[in-house]
Number of protein chains: 2
Amino acid sequence: MPNAPHIAEVASLVGDPARANMLCALLGGRALTATELAFAAGVTPQTTSGHLGKLFSARLVVLMKQGRHRYYRLAGPHVAQMLESIMNVALTGPPRFQPKSKLDDKLRHARTCYDHIAGVLGVGLAERMSAHEFVVLGDEAGEVTPSGMDFLGKLGVDLSAYKKRRVFCRPCLDWTERRPHIGGAVGAALAQRCFELKWIERIRDTRALSITPSGRRGLLEFFDLSA
Amino acid sequence: MPNAPHIAEVASLVGDPARANMLCALLGGRALTATELAFAAGVTPQTTSGHLGKLFSARLVVLMKQGRHRYYRLAGPHVAQMLESIMNVALTGPPRFQPKSKLDDKLRHARTCYDHIAGVLGVGLAERMSAHEFVVLGDEAGEVTPSGMDFLGKLGVDLSAYKKRRVFCRPCLDWTERRPHIGGAVGAALAQRCFELKWIERIRDTRALSITPSGRRGLLEFFDLSA
DNA sequence: CCGATACTTCGCTCGCGGCCGAAGTAAATC
DNA sequence: GATTTACTTCGGCCGCGAGCGAAGTATCGG
């Protein structure tokens with residue numbers, strides 16, 4: 001019962017639909033302008049401005065001024081993880097109706113989740129890497145095996161910045177697939193490598209990803225995954 | 001930006017100070033009656049009843065009727081983890097003044113965190129086990145080493161239920177110490193064993209723990225930790 | 001059966017906070 | 001310097017929801 005007020009403060013920030021929409025948009029990992037966030041939230045710019053001011057004061061987002069644009073990003077992985085854990089609780093709640101849309105389909109298929117890959121593609125990668133015993137995923141933690149380190153090295157995934165730390169692979173529950181995908185430092189590095197290799201590309205103005213033809217070949221060759 | 005409404009719904013439940021207080025009280029891990037929760041939240045029973053109804057509908061808590069009492073518990077570890085992650089974000093926010101109290105001191109010293117041990121004691125255990133290389137803790141995941149499994153076995157910690165899973169040790173950032181303590185299945189099993197050994201005892205009506213004389217001896221002997 | 005305890009449901013008040021329109025600042029473009 | 005774009009601050013409206021008092025429903029003890 002101590003710092004509960006702090007919790008309530010942060011949670012109530014996330015608890016407003018407009019702000020939740022903005023934060024979810026930022027969960028895509030990119031920095032977005034105030035206007036883009038206004039569109040994402042479905043409110044006017046002046047309302048957005050107020051919301052962003054609050055999120056900034058509470059340090060849930062950070063600000064990068066660039067000319068007349070103001071780019072907002074999530075303040076760090078801890079915020080992303082908080083949002084994920086809330087999502088995780090939300091989807092264990094009472095079942096919902098939710099109308100389908102085309103964008104939803106694309107998001108379901110492949111999207112970024114802060115700094116790593118989610119959706120059918122993300123879950124598929126996790127599943128294949130588990131099957132090959134490149135990673136071991138538990139409920140709350142994950143681990144890269146020696147053969148997995150080897151494999152990732154061959155793929156050109158740069159893990160040098162994390163080498164000191166033996167554990168740095170976090171399973172991240174997927175809200176569409178209800179199965180884990182690979183987050184944490186490994187997930188981020190893997191996603192970055194996939195972008196470098198041009199296996200995946202962002203779909204304009206969304207969190208959704210499209211898989212390129214060379215991506216399909218690569219995924220089949222390296223991961224034995226037909227996407 | 002899809003299921004953002006769901007996030008907002010859950011977050012706004014946590015975002016009310018009274019409900020946040022209740023949930024934090026339940027973070028102690030025990031089941032509490034509606035009246036106890038009313039006291040913890042500082043509101044009247046009828047207000048509490050309304051709140052608990054909402055938390056129950058959203059499946060953040062579960063209910064056990066027992067005679068004329070109604071015991072509420074957190075719906076599961078996922079809820080505890082969500083609360084922790086929110087706490088984690090809250091304490092990276094702007095610094096706060098918070099008046100000290102005696103209970104705060106005790107909580108700071110040793111307390112339960114859902115199903116494992118937190119506070120100075122929890123952080124100390126994690127630190128000693130890391131130093132002896134019984135566990136390896138990263139930012140987002142942890143791992144028990146073979147020698148650690150051996151050590152826990154000697155201590156009588158029952159991990160049989162989790163043996164299949166190689167990773168099941170979650171670092172849990174401590175809101176008082178700002179350093180990780182051991183959560184997940186290992187943390188829960190370790191805490192349970194400490195209760196069995198009567199090394200620690202709950203302080204009535206709180207999440208705080210007191211260390212018994214035999215606990216001090218045991219901690220010194222097994223963990224090289226003077227508590 | 002009676003009173004006490006545990007908890008709920010109902011009806012009401014009231015204040016916080018989200019929302020937008022209007023007006024203001026700041027930076028790029030002409 | 002004038003215009004457009006990006007974003008902010010101000011002021012006022014309004015609705016949701018937390019809060020309590022009062023009254024109602026279960027379960028215990030005697």
Side-chain angles (χ1 to χ4, degrees), chain A residues 1 4-26 30-73 93 205, chain B residues 1 4-26 30-58 60-73 93-94 205:
Chain A
M1 38 290 213
H6 303 44
I7 292 201
E9 206 171 314
V10 172
S12 73
L13 282 172
V14 186
D16 175 78
R19 284 190 296 256
N21 272 308
M22 296 179 197
L23 291 169
C24 284
L26 290 172
R30 283 179 306 171
L32 299 175
T33 66
T35 311
E36 287 171 323
L37 290 168
F39 180 77
V43 292
T44 57
Q46 60 268 34
T47 302
T48 306
S49 180
H51 286 313
L52 288 172
K54 291 178 189 182
L55 292 175
F56 181 76
S57 301
R59 305 195 192 167
L60 275 99
V61 300
V62 289
L63 173 58
M64 270 181 50
K65 294 191 187 184
Q66 213 171 91
R68 58 180 164 181
H69 293 284
R70 301 193 153 202
Y71 283 94
Y72 288 91
R73 278 187 306 110
D205 292 340
Chain B
M1 39 287 217
H6 305 218
I7 291 201
E9 207 172 311
V10 172
S12 73
L13 282 172
V14 186
D16 176 78
R19 284 191 296 258
N21 272 308
M22 297 179 197
L23 291 169
C24 283
L26 290 172
R30 284 178 306 172
L32 299 175
T33 66
T35 311
E36 287 171 322
L37 289 168
F39 180 78
V43 291
T44 57
Q46 62 268 34
T47 302
T48 306
S49 179
H51 286 313
L52 288 172
K54 290 178 189 181
L55 292 174
F56 180 77
S57 300
L60 275 98
V61 299
V62 289
L63 173 59
M64 270 180 53
K65 293 191 189 185
Q66 215 170 90
R68 58 180 163 178
H69 293 284
R70 301 193 153 203
Y71 284 94
Y72 288 92
R73 279 188 305 109
D205 291 339

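Numbers restart at 1 for each chain; the letters A, B, ... are given by sequence-line order, proteins then strands.
Between the C1' atom of dT8(D) and the CZ atom of Phe56(A) lies a distance of 14 Å, rounded to the nearest Å. Atoms CD (Glu36(B)) and P (dC7(C)) sit 8 Å apart, rounded to a whole Å. Rounded to an integer number of Å, the gap from CG of Leu37(A) to P of dT8(D) is 10 Å. The separation between Met22(B) atom CE and dA18(D) atom C1' is 11 Å, rounded to whole Å. Distance, Arg19(B) CZ to dC16(D) C1': 12 Å, rounded to whole Å. The CG atom of Asp16(A) sits 11 Å away from the P atom of dG17(D) (whole-angstrom rounding). In this structure, the CG atom of Leu13(B) is 12 Å from the C1' atom of dG17(D), given to the nearest Å. Between Gln66(A) atom CD and dA27(C) atom P there is a gap of 14 Å when expressed in whole angstrom units.
Looking only at distances, a side-chain donor or acceptor of Ser57(A) sits under 3.5 Å from a matching main-chain atom of Gly53(A). Side chain of Arg19(B) to main chain of Leu13(B): a donor-acceptor pair is present (N/O by atom type, distance under 3.5 Å, no hydrogens or angles).
From Leu37(A), atom CG reaches atom CZ of Arg70(A) across 13.0 Å, with rounding to the nearest 0.5 Å. Atoms CZ and OG1, from Arg68(A) and Thr33(A) in turn, are 11.5 Å apart once rounded to the nearest 0.5 Å. Between Ser49(B) atom OG and Lys54(B) atom NZ the span is 11.0 Å, to the nearest 0.5 Å.
For the helix from dC1(C)-dG30(D) to dC30(C)-dG1(D), the axis fitted to the five pairs at one end and the axis fitted to the five pairs at the other end meet at an angle of 30° (nearest 10 degrees).
Neither OP1 nor OP2 of dA27(C) sits under 4.0 Å from any side-chain N or O of Arg70(A).
Scanning residues 44-54 of chain B for heavy-atom distances under 4.0 Å to DNA chain C yields Pro45(B), Gln46(B), Ser49(B).
Distance from the side chain of Arg68(B) is smallest for dT5(C) among the nucleotides dC7(D), dT5(C), dC20(D).
Side-chain atoms of Val14(B) and Val10(A), non-hydrogen and from C-beta on, never get closer than 4.5 Å to each other. Looking at heavy atoms from C-beta onward, Arg73(A) lies out of side-chain contact with Tyr71(A) at the 4.5 angstrom threshold. Taking 4.5 Å as the limit, every side-chain heavy atom of Asn21(A) sits out of range of all side-chain heavy atoms of Val43(A).
Both Gly42(A) and Thr35(B) lie close to DNA chain C; mapped to their nearest nucleotides by heavy-atom distance, the more 5′-ward contact belongs to Thr35(B).
Partners of Ala34(A) by side chain to side chain contact (heavy atoms under 4.5 Å, CB included), not counting sequence neighbours, listed by chain and number: Leu52(A), Tyr72(A).
At the heavy-atom level, Tyr72(A) lies under 4.0 Å from the strands shown only through sugar-phosphate atoms.
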